[in-house]
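Scroll down for the structure; my scribbles are underneath it.
Within every chain, numbering begins at 1; the chains are lettered A, B, ... in the order of the sequence lines, protein sequences first and strands thereafter.
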Amino acid sequence: MKAIELEKTYNPKDFENRIYEQWVEDGNFKPCDSKEKPFVIVMPPPNVTGILHMGHALNNSLQDILTRYYRMTGRPTLWLPGTDHAGIATQNVVERQLAKEGLRRQDLGREKFVERTWQVKEKHHDIIVNQLKTIGASCDWSRERFTMDEGLSKAVRETFVSLYERNLIYKGLYLVNYCPHCGTALADDEVEHQEDVGHLYDVRYPFADGSGYITVATTRPETMFGDQAVAVNPDDERYKSLVGKMLKLPLTDREIPIIADSFVGIEFGTGMVKITPAHDPNDWECGKRHNLEPINILNPDGTLNDVCPEQFRGLPAKEARDLVAKTLEEQGYLVKCEEYKHEVGHCYRCNTTVEPYMSEQWFVRMRSMADKALKAWRDGEIHFYPKRWENTYSSWLENIRDWCISRQLWWGHRIPVWYCQDCGHMMVKREDPCCCEKCSSKNIKQDPDVLDTWFSSWLWPFSTLGWPEKTEDFKRFFPTSTLVTGYDIIFFWVSRMIMASLEFNGKVPFHDIYITGLVRDKKGRKMSKSLGNGIDPIDVVNLYGADAMKFTICYLATQGQDVLVDMDSFKLGSRFANKIWNATRYLLMNLEGRNLVKIDPAKFNAVDKWIYHSLNENILKVRTAIESYKFNEAAQAAYDFFWNDFCDWYVEASKLSLYTGDDAEKDRIVSILMDILAQSMKMMHPMLSFITEEIWSKLPNTEGKVITSMFPEYLESRKSPKEAQMMVAMQDLVRGVRNMRAELGIGAEKKLRMVVRLDKAGDLSKFMKDHVDLLKVFANSNELSIDDASSVDVSGAFPIAGMGFETYVFVRDAIDVDKEIARIETEIKKTQALLDVVNKKLSNENFLNNAKQEAIDKEKGKKAEFEEKIEKSQKHIDVLKSF
RNA sequence: GGGCGUGUAACUCAGCGGGAGAGUGCCACCUUCACACGGUGGAAGUCGUUGGUUCAAACCCAAUCGCGCCUACCA
């Protein structure tokens, strides 16, 4: 056979795109036909107008590893990709574009605006899909979905109407979170609390009868125009007598009463709270208890409306606040104003301060669904990895509140509700009606609002499979297996998917939930645009390759921990891939003139047995690790095996056969090398997909593709623990000699004569004798004898202690005797310290009585080992002294 | 205010009841027949602090200090 050539340097750009296209073309990402239980992941859909960031790279890398692994176990495997229409975010993107043209969305009108948004969506969609392809995601593009697809829209409508029919959706006038910038209501969990430095104002409210005044404390004086009362705690002795008295509201003509309500804290501030039912959640509740009419003081854009005195109208809340404070001060109402830190809600999409705002909205009644979701968890139907996230899940569900699902946006699923303009009848419909079902009037109007994006996302695991139709895919792939996502959306998404699925399918949408950490920079800061500390995954791919990125992520993805990286971090994967490339290149060069032969385990020598043993153990480690979501352990096992065992020892050892063996031996060793290499490619494929596929295609002993090959099995027959132990002794010997060379500064060019003296004849001496030529190569020796009868004269030779043997090296001239003695003495000290610990244990009756027998045996073994080492070392000092 | 996580080598992190590990970085030597994105060897840690449990603790428990995150209607 001819040698096979690989490019001299590893250059992932040469093949990554080509291989990806080939995989797609050959349908390798589609589930196979096997009857086994499918493995299914639905991809958390990225925002269609966003770009891929490291967080996506992390969770998609892990999904890819799982998908590729299970695909290689022969199960039909589906990773279903898609994108999310991201209502607010996308609308913001388009409005920003319009703003550059000096336009507002109102200038275009709803229809034109939505049309334009679809165009933007199409363009951005290709970007994000290409990015996913660039990082190597092996998802089934033929099943790709978008949350505003026809099918998914149908699912949304079915859900809405069905919930309405079950009395789980209702409409009402409530105080909701409102973003004045986005101009829409938000759900509770779409509000992010951040600490703001504001002021706490103490303001005088005079009694209407002129008999003095009281003082209230507020952080938002501008809301006073909506005040309907001042409340005190009914148990507050100071104010009991004042309850029922009327106050004159400063800057206005209105009068408001003093009321008693137990929510007021006696200790806080002045113990008196102004009640503004339309602009504070507490006050809203309080207002309901006391039948106070809420007065809305804001326009939809967050400016003060006509309810307020003229000079404040049209001002944004913050500006109004300053002016109100100033006016109050001028008129003598302001008692004091001090700096005050408090948590303020901000819009999670645009970071604008959120206003509590009274408006008519649609809500989902969550309680019953939340209870079902809690039960499913308690019954063990879902498992979080790491488990601690279950607390987050359960406490959220236990304290769940109704979900505001209407958004005052144009981009999204329009609420399927129509109002008759003539008779006022309201219709909630699966199909668009053409006229009023009650009065037959054609004058009907659809609700102008759209639904919260998460109202489509919560259906994702089944709507993407065709639900509400009972499609083949739905029947075959639902429920899915595993969800991989970040902890920041356990509320938004994970728990809601579980609720929706239980409500509509009666079962959970997935069983395992792997919660990834967040990707941060090396200082532990969240990656963000504003900090400019983000890393673009595509830059990583361009610099190091997709494999390097995925492998590095896998290596660093300790279950549940945040991943801190910078550009340099990816050297880890890059160097490993480079090593694989070069080792392969070298092995393929050696095929020249060789024939591959059948591998016969009966002909294995101890070193062959060892490498198969190690491969086998590491295959098991990788399998177990991936199946239990311990990605870092999988990466480490692959890395250690390939680099440390295979490259550093086995490939080096094989050079002896390759350069000095006869043809039969050369054929045999090359065949084994190719076999280990091929199996390594399989084992590493989930983590290093492109390079393993590229190499697989070059190997002479492989067929088809590695992506569709079977993952190596763990085989009892490959276990060779005894040989593995022998190999440890050999490595021990070799390292001892290398260390001595380095210490004495003896260059590699100088071959040395050595005697390996065994403590006793036995397996180890047989092993050494069998591999004496190999030992010579590793120890760089020109003359090496195995002496198990202590018959060779070693006087004048430099001694090195080993376990069960000693190595004598004839280097008399090169030795600095004093320095060597000092070195050995330090070693004795270290060993003596270890021995002391062991002896203390072994002379401790409590230890002997209580410890496990294994532990005792192990300590005894250690004692023997340390004693042997000290004894030998001491002898060696004597030997050196005699020089 | 509650909850969770975390503090191990210069840096990023594994280990989580029985001899302190990896990658990067550092030092020395080696451009020797795939790989200098390499090889060989080496230095480097009171495992945050203090108590406790245990024959045995980086690992379990308690307290404490530092950092991070989530959650909560104190105006």
Side-chain angles (χ1 to χ4, degrees), chain A residues 6 8-10 193 200-201 216-220 223 231 263-265 267-276 280-286 340 342-343 356 386 388-389 391-392 395-396 399 487-488 490-491 517-518 520 522 524-526 544 548 552 555-556 558 560-566 568-569 571-590 632-633 636 639-640 647-648 651-652 655 659 735 738-743 745 747-749 780 833-835 837-838 840-841 844-852 854-856 858-859 861-862 865-866:
Chain A
L6 279 190
K8 193 161 165 35
T9 53
Y10 164 63
H193 293 274
L200 188 61
Y201 303 86
V216 297
T218 180
T219 52
R220 305 186 57 196
T223 63
F263 96 91
V264 180
E267 309 298 327
F268 189 88
T270 58
M272 290 196 142
V273 193
K274 62 190 222 41
I275 303 296
T276 322
D280 180 279
N282 277 323
D283 297 2
W284 171 263
E285 293 301 322
C286 177
Y340 186 68
H342 58 155
E343 295 280 318
R388 70 183 131 89
W389 292 110
N391 298 331
T392 304
S395 67
W396 157 259
N399 300 306
Y487 53 74
D488 45 342
I490 291 177
F491 308 142
L518 253 41
R520 295 171 181 281
K522 285 239 161 160
R525 299 175 306 183
K526 235 170 165 169
Y544 296 115
T552 305
Y555 195 95
L556 297 177
T558 309
Q561 291 309 119
D562 287 346
V563 180
L564 274 62
V565 289
D566 61 15
D568 274 357
S569 306
K571 280 184 183 169
L572 168 68
S574 167
R575 289 185 180 168
F576 186 45
N578 183 63
K579 185 70 183 182
I580 296 170
W581 184 264
N582 281 295
T584 305
R585 189 167 89 90
Y586 162 76
L587 294 175
L588 291 180
M589 277 170 24
N590 282 288
N632 61 321
E633 291 180 13
Q636 230 169 88
Y639 188 101
D640 288 348
C647 290
D648 288 352
V651 171
E652 288 306 317
K655 286 179 180 173
Y659 299 150
R735 288 200 184 102
R738 285 176 179 165
N739 173 279
M740 177 213 72
R741 274 179 181 274
E743 292 286 334
E749 71 288 349
N780 198 12
L834 292 172
L835 181 60
V837 173
V838 171
K840 207 175 136 198
K841 282 188 186 174
N844 181 342
E845 269 188 46
N846 286 325
F847 174 69
L848 296 172
N849 294 334
N850 298 322
K852 285 176 292 188
E854 294 166 51
I856 296 173
K858 195 172 172 196
E859 292 304 312
K862 274 151 65 178
E865 182 192 331
F866 297 151

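- Annotation: B:rG25 and B:rG39 have their P atoms spaced 12 Å apart (nearest Å).
- Side-chain N/O atoms of A:R575 include one lying less than 4.0 angstrom from OP1 or OP2 on B:rU24.
- We find that CG of A:L572 is positioned 9 Å from C1' of B:rA22, with the value rounded to whole Å.
- Counting non-hydrogen atoms under 4.0 angstrom, A:Q561 reaches the backbone sugars and phosphates but no base.
- Distances from the side chain of A:K571 to the nucleotides B:rG18, B:rG25, B:rC35 place B:rG25 closest.
- A:T219 has no side-chain polar atom (N or O) that falls below the 4.0 Å cut-off from OP1 or OP2 of B:rA75.
- Within the 4.0 Å cut-off from OP1 or OP2 of B:rG18, not a single side-chain nitrogen or oxygen of A:K852 is found.
- Of the C1' atoms belonging to B:rC26 and B:rA9, the separation is 11 Å, rounded to the nearest Å.
- Using a 4.0 Å heavy-atom cutoff across all strands shown, A:V563 reaches no nucleic acid atom at all.
- At the heavy-atom level, A:S574 lies under 4.0 Å from base atoms of the strands shown.
- Taking atom P on both B:rG17 and B:rC61, the two are 11 Å apart, rounded to the nearest angstrom.
- Distances from the side chain of A:Q636 to the nucleotides B:rA75, B:rG42, B:rA14 place B:rA14 closest.
- Nearest-nucleotide positions on RNA chain B for A:N739 and A:F847 put A:N739 closer to the 5' end.
- Separating the OG1 atom in A:T219 from the CG atom in A:L200 is a distance of 7.0 Å, to the nearest 0.5 Å.
- Comparing A:W396 and A:Y586 along RNA chain B, the residue whose closest nucleotide (by nearest heavy atom) sits nearer the 5' end is A:Y586.
- Taking atom P in both B:rC55 and B:rG15, the straight-line distance is 28 Å, to the nearest Å.
- Which of B:rA34, B:rC4, B:rG41 sits closest to the side chain of A:R738 comes down to B:rG41.
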Q) Checking side chain to side chain donor-acceptor pair (under 3.5 Å) for the pair A:T223/A:K274: CA distance, chi angles, key distance, verdict? A) CA-CA 9 Å; A:T223 63; A:K274 62 190 222 41; 2.7 Å; yes
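- The CG atom of A:N578 sits 10.0 Å away from atom CZ of A:R585, with the distance rounded to the nearest 0.5 Å.
- In this entry the distance linking CD of A:E652 with P of B:rC30 reads 19 Å, nearest Å.
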(Q) Let me check I have this right: for RNA chain B, each base becomes ., (, ), [, ] or |, based on Watson-Crick or G-U pairs with both distances under 3.5 Å. What is the full string? (A) ((((((((.[[[[.)..(..]]]].(((((.......))))).....[[[[[..)....]]]]])))))))....
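- Using a 4.0 Å cut-off, some side-chain N or O of A:K579 falls inside it from OP1 or OP2 of B:rG39.
- Residue A:K8 is in sugar-phosphate contact alone, with no base atom involved, counting any heavy-atom pair closer than 4.0 Å across all strands shown.
- A:E343 comes within 4.0 angstrom of a base, heavy atoms only.
- Picking from B:rA34, B:rG5, B:rU71 the nucleotide with the shortest atom distance to the side chain of A:F491 gives B:rU71.
- Residue A:N846 contributes atom CG, which lies 8 Å from atom P of B:rA56 at whole-angstrom precision.
- Distances from the side chain of A:Y659 to the nucleotides B:rC33, B:rA34, B:rU6 place B:rC33 closest.
- Relative orientation of the A:Y10 and A:W581 rings is tilted, given thresholds of 30° and 60° on the angle between their planes.
- Among the nucleotides B:rG42, B:rU40, B:rC69, the one closest to the side chain of A:E743 is B:rG42.
- A donor and an acceptor atom sit less than 3.5 Å apart, one in the side chain of A:N282 and one in the base of B:rC73.
- For the pair A:L848/A:I856, a side-chain contact is recorded, criterion being any heavy-atom separation below 4.5 Å from C-beta on.
- B:rA63 and B:rG5 have their P atoms separated by 14 Å, with the value rounded to a whole Å.
- Listed nucleotides B:rA34, B:rC70, B:rG23 differ in distance to A:Y639; the shortest reach to its side chain belongs to B:rG23.
- Remark: A:S574 OG to A:D568 CG distance equals 10.5 Å, nearest 0.5 Å.
- Here the nucleotide nearest the side chain of A:H193, chosen from B:rA72, B:rA34, B:rA75, is B:rA72.
- Here the straight-line distance linking atom OH of A:Y544 with atom OG of A:S569 works out to 8.5 Å at 0.5 Å rounding.
- Remark: C1' of B:rC37 and CG of A:N582 are 9 Å apart, rounded to the nearest angstrom.
- Counting non-hydrogen atoms under 4.0 angstrom, A:N850 reaches a base of the nucleic acid.
- Side-chain proximity of A:A742 to B:rA72, B:rG41, B:rC13: nearest is B:rG41.
- Comparing the same atom, P, in B:rU8 and in B:rG45 gives a spacing of 15 Å after rounding to whole Å.
- Using a 4.0 Å heavy-atom distance criterion, A:R741 is classed as making no nucleic acid contact.
- Residue A:Y10 is out of contact with every strand shown, counting any heavy-atom pair closer than 4.0 Å.
- Within the 4.5 Å cutoff, side-chain heavy atoms of A:F263 are placed close to those of A:C286.
- Atom CG of A:D640 is separated from atom CD of A:Q636 by 6.0 Å, given to the nearest 0.5 angstrom.
- Taking atom P in both B:rC27 and B:rA44, one finds a spacing of 16 Å when rounded to whole Å.
- With respect to A:K862 and A:E859, a salt bridge is recorded, a charged nitrogen being found less than 4.0 Å from a carboxylate O.
- On the C1' atoms, B:rU6 is 16 Å away from B:rU64, given to the nearest whole Å.
- For B:rA75, the OP1/OP2 oxygens have a side-chain nitrogen or oxygen of A:Y340 closer than 4.0 Å.
- Atoms CG (A:D648) and P (B:rC35) sit 15 Å apart, rounded to a whole Å.
- A distance of 8.5 Å separates CG of A:N582 from OG1 of A:T9, quoted to the nearest 0.5 Å.
- Here B:rA75 is the nucleotide among B:rA75, B:rA34, B:rG39 with the atom lying nearest to any side-chain atom of A:F263.
- The CZ atom of A:F576 sits 17 Å away from the P atom of B:rA36 (whole-angstrom rounding).
- The OH-P distance, from A:Y555 to B:rU12, rounds to 16 Å in whole Å.
- One can place CG of A:N780 at 14 Å from C1' of B:rC29, the figure rounded to the nearest angstrom.
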